[in-house]
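Here the structure comes first, spelled out in structure tokens, and everything after it is commentary.
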Amino acid sequence: MSEPRQPAGALRAGDAGRRVRLQGWVGRRRDLGDLIFLTLRDRSGTAQAVFDKARCPAEAVAAAADARSEDVVELEGEVVLRAGNQVREEPTGEVEIVASRLEFLARSDTPPFVVEDRTNATEELRLQYRYLDLRRPAMQKNIALRDEITFRVRKVLHERGFLEIETPMLTRSTPEGARDFLVPSRAHHGRWYALPQSPQLFKQILMISGFEKYFQIARCFRDEDLRADRQYEFTQIDVEISFPTEEDVYEAVEAFLAEAFAAAGIKSDPPFRRLTYARALELYGTDRPDLRYDLTLCDLTAAAAGGGFPPFEKALQAGGTVRGIRVPGGSGFSRKDLDELTEAARAHGAGGLVWFKKAQGEVTSPAKKHLSEGTLGNLLAAASVAEGDLLLVVADAAKTAFASLGALRPLVARRLGLVDESRHVFCWVTEFPLFGFDAETGGWFPMNHPFTSPREEDLPLLESDPGRVRARAYDVVVNGTELGSGSIRIHRADVQERVFRVLGISEAEGRERFGFLLEALRYGAPPHGGIALGLDRICAIAAGAASLREIIAFPKTTSGLDLMTKAPAGVDARQLKELGIDPPARSET
Ligand code: ASP
């Protein structure tokens, strides 16, 4: 009987003297004449084997001489310690296997790129040969981390009494408002399933069904333009709770996020800081603040008013605001830095960016000659500008001023080296507005989805001042990235109808799209609420990966292609006929 298979990456000095049998992939081969070195890789890591022509059977030496990268082999031999100065820098570096046997289990063609972490393969090539790319230790590590995170989330939620319940993939349009992926029905020509944008309606129904605590590691589909941090199909940690307060949701999420990030050695320090939406905008210009550094915004409206500087006056007369960021030690920013910041502010809609520097007791600014001494003094005092500081100011509609200064914060922080990449600062952003206003259509749209509950005290404003109604909605954010969002839901049919009315969803449309939920709400719906978090994003942040594609085994490119399977692909005319679909005039396969 041969030895049991030994994981290559687990060999240590203590194994010296053992006979072992390994199976795995050949990495590198070095032929030094008398000695042939092979590295053997499996999921556990790599080990080095040596074939010594003087001692090893000729057959094994011949096989080793013939071995090529990515051949699958079995080898046997004795573990020996390497001399002190020959210890390699890897976990198995203190030992090697003096081999006595080598057999090929499968040969490999020459791979299109070297299967090592440092690869110069383009991403296209990596995705086309994903099976080779996934063999690279870094990808093995990412996929294993993803498994560990998913397992921990499941464990925490299971132990807290959450039931994992699957919901259909073939369903009808759900309310997240993105474009649907549609699936034609063969049995009912002209009718279509939609792949779920989220399990939103089903999880609410599950609460009405009495399950009280639900979660699902749920695949969701949204036909939106892709980016590095977006895929057509993605995975959510989807959660719903009956009879909850916001605190119950926060507590459950903090519990599983703490475990999940701990899998990557990241501390999340619950309970997370809370910020209302209004406060987040006021302080950071965004509802996704990066709290690893300060750089808070200040309100300069009162100080600027009546100062005679045309850009400020114009913004204020139009009902806008004047906001700034004091950049401590920023007086050293060059003309080029300031031009770049101005560009960035413009890209977010600002008409321009006004700057003030204070250095050696002197204030410099392109706006200086337009401002009275008094106004200048008031502005600098309102922003607490000190020696060596820079003040960046935007005067515009509030939305634009916040968006542009919010976009400058991270740029300035990076420029000053204020971002501590080793830290992860989590927070909750709460009390989002229930509705946003679409200037184009002149109508209100739901900031989250139409089932989000207004705050009880804002109910009287629903019809009279919808823009001021705050939602019982919350986002969880880390380092400037949104990880998830959710809300306490509407559980009363009358409130749901009022919200639909504000959104311009007619009774007929409401019944047509969400009739089953509206009906279910009439049979005793418990108060309920929940959240959904992006698992892919959590894994990418935990892994320190630049793109979601690094933590998804088989992702799509930014143009939505699967380069390995070549999906999307053409289909037979026969398949289309069965589905009752006319073939396209010119088929593009
Ligand atoms: N279904 C929502 C979403 O996917 C999240 C939630 O409200 O739970 O954005």
Side-chain angles (χ1 to χ4, degrees), residues 153 157 162 164-169 171-181 194-208 211-224 229-242 244-254 256-257 277 287-288 428-436 445-455 470-477 481-491 496 499 503 513-514 517 521 525-538 548:
V153 170
L157 288 171
F162 286 79
E164 182 165 13
I165 306 175
E166 288 170 277
T167 54
M169 291 286 110
T171 178
R172 58 179 300 155
S173 203
T174 50
E176 273 72 24
R179 210 174 291 115
D180 285 319
F181 280 99
L195 301 182
Q197 293 186 26
S198 86
Q200 184 62 35
L201 297 174
F202 287 103
K203 67 174 171 175
Q204 292 193 234
I205 298 273
L206 287 169
M207 295 303 101
I208 299 173
F211 287 106
E212 297 196 10
K213 287 175 166 186
Y214 143 97
F215 85 99
Q216 185 180 187
I217 306 295
R219 196 65 73 80
C220 305
F221 304 83
R222 297 183 193 177
D223 188 358
E224 296 177 302
D229 66 346
R230 198 183 274 166
Q231 286 273 314
Y232 284 152
E233 51 184 305
F234 57 96
T235 307
Q236 282 187 345
I237 305 167
D238 197 43
V239 175
E240 198 75 7
I241 307 176
S242 289
T245 62
E246 281 83 341
E247 296 302 321
D248 296 317
V249 179
Y250 300 164
E251 209 263 332
V253 170
E254 287 172 2
F256 71 67
L257 280 183
Y277 172 85
D287 55 11
R288 283 180 270 128
W428 289 101
V429 179
T430 67
E431 293 180 27
F432 278 78
L434 188 61
F435 306 111
F445 61 88
M447 289 285 276
N448 187 0
H449 51 62
F451 309 108
T452 301
S453 175
R455 286 169 63 95
R470 287 164 304 167
R472 294 182 70 184
Y474 32 76
D475 277 6
V476 60
V477 173
T481 300
E482 182 210 306
L483 290 184
S485 70
S487 59
I488 303 297
R489 325 296 182 187
I490 297 168
H491 72 282
Q496 187 64 71
V499 168
L503 292 170
R513 287 177 62 196
F514 315 119
L517 178 73
L521 285 178
H528 59 285
I531 190 163
L533 292 89
L535 178 67
D536 308 283
R537 205 169 278 179
I538 289 171
L548 295 187

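Positions are given from 1, in the same order as the sequence printed here. We count ligands from 1, going down the list as the structure has it; atoms in each ligand are counted the same way.
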Would you mind running through ligand 1 and noting each atom that sits below 4.0 Å from a heavy atom of [X]?
| X | answer |
| --- | --- |
| Gln200 | 1 (N), 2 (C), 5 (C), 6 (C), 7 (O), 8 (O) |
| Asn448 | 7 (O) |
| Ser198 | 1 (N), 4 (O) |
| Gly486 | 6 (C), 7 (O) |
| Ile531 | 8 (O) |

Is the closest heavy-atom distance from Lys203 to ligand 1 below 4.0 Å?
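True for this residue.
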
### Query
For Glu247, does the CD atom sit with more than 12 other heavy atoms under 6.0 Å from it, leaving out its own atoms?
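Yes, enclosed.
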
Next on the checklist: Counting only heavy atoms from other residues, nucleotides and ligands, does the tally under 6.0 Å from CZ of Arg172 exceed 12?
Outcome noted: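 Yes, CZ of Arg172 has more than 12 neighbouring heavy atoms, counting only those of other groups under 6.0 Å.
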
Taking all heavy atoms of [X] and all of [Y], pick out the closest pair and write down the distance.
| X | Y | result |
| --- | --- | --- |
| Ile531 | Lys203 | O-NZ, 3.2 Å |
| Ile490 | Gln204 | O-NE2, 4.3 Å |
| Asp248 | Ile241 | O-CD1, 4.0 Å |

Atom 3 (C) of ligand 1: the protein heavy-atom neighbour that sits closest, reported with distance to 0.1 Å: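 Nearest protein contact, heavy atoms only, for atom 3 (C) of ligand 1 is Glu176 OE2, 3.6 Å.
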
Identify the protein heavy atom lying closest to atom 5 (C) of ligand 1, giving its residue, its atom name and the separation to 0.1 Å.
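The closest heavy atom on the protein side is Ser485 O, 3.3 Å.
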
Margin query: Any heavy-atom pair between the side chains of Ile165 and Leu206 that's under 4.5 Å?
Written below: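 Yes; the side chains approach each other to less than 4.5 Å.
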
Next on the checklist: Parallel, tilted or perpendicular: which one describes the rings of Tyr277 and Phe432, with boundaries at 30° and 60°?
Outcome noted: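 Tilted.
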
What I want to know is whether [X] and ligand 1 share at least one N or O pair that is separated by under 3.5 angstrom.
| X | result |
| --- | --- |
| Arg222 | yes |
| Arg489 | yes |
| Asp238 | no |
| Gln197 | no |

Can you check whether Phe514 and Phe451 have ring centres sitting under 6.0 Å from each other?
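Ring centres of Phe451 and Phe514 closer than 6.0 Å.
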
| Location of contacts on Val239 toward ligand 1, heavy atoms closer than 4.0 Å |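 Answer for Val239: neither.
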
- ligand 1 versus Glu240, non-hydrogen atoms closer than 4.0 Å: side chain, backbone, both, neither?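 Within the 4.0 Å criterion, Glu240 makes no contact with ligand 1.
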
Handout entry: Under-4.0 Å salt bridge between Arg219 and Glu233
Key =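 Yes, Arg219 and Glu233 are salt-bridged.
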
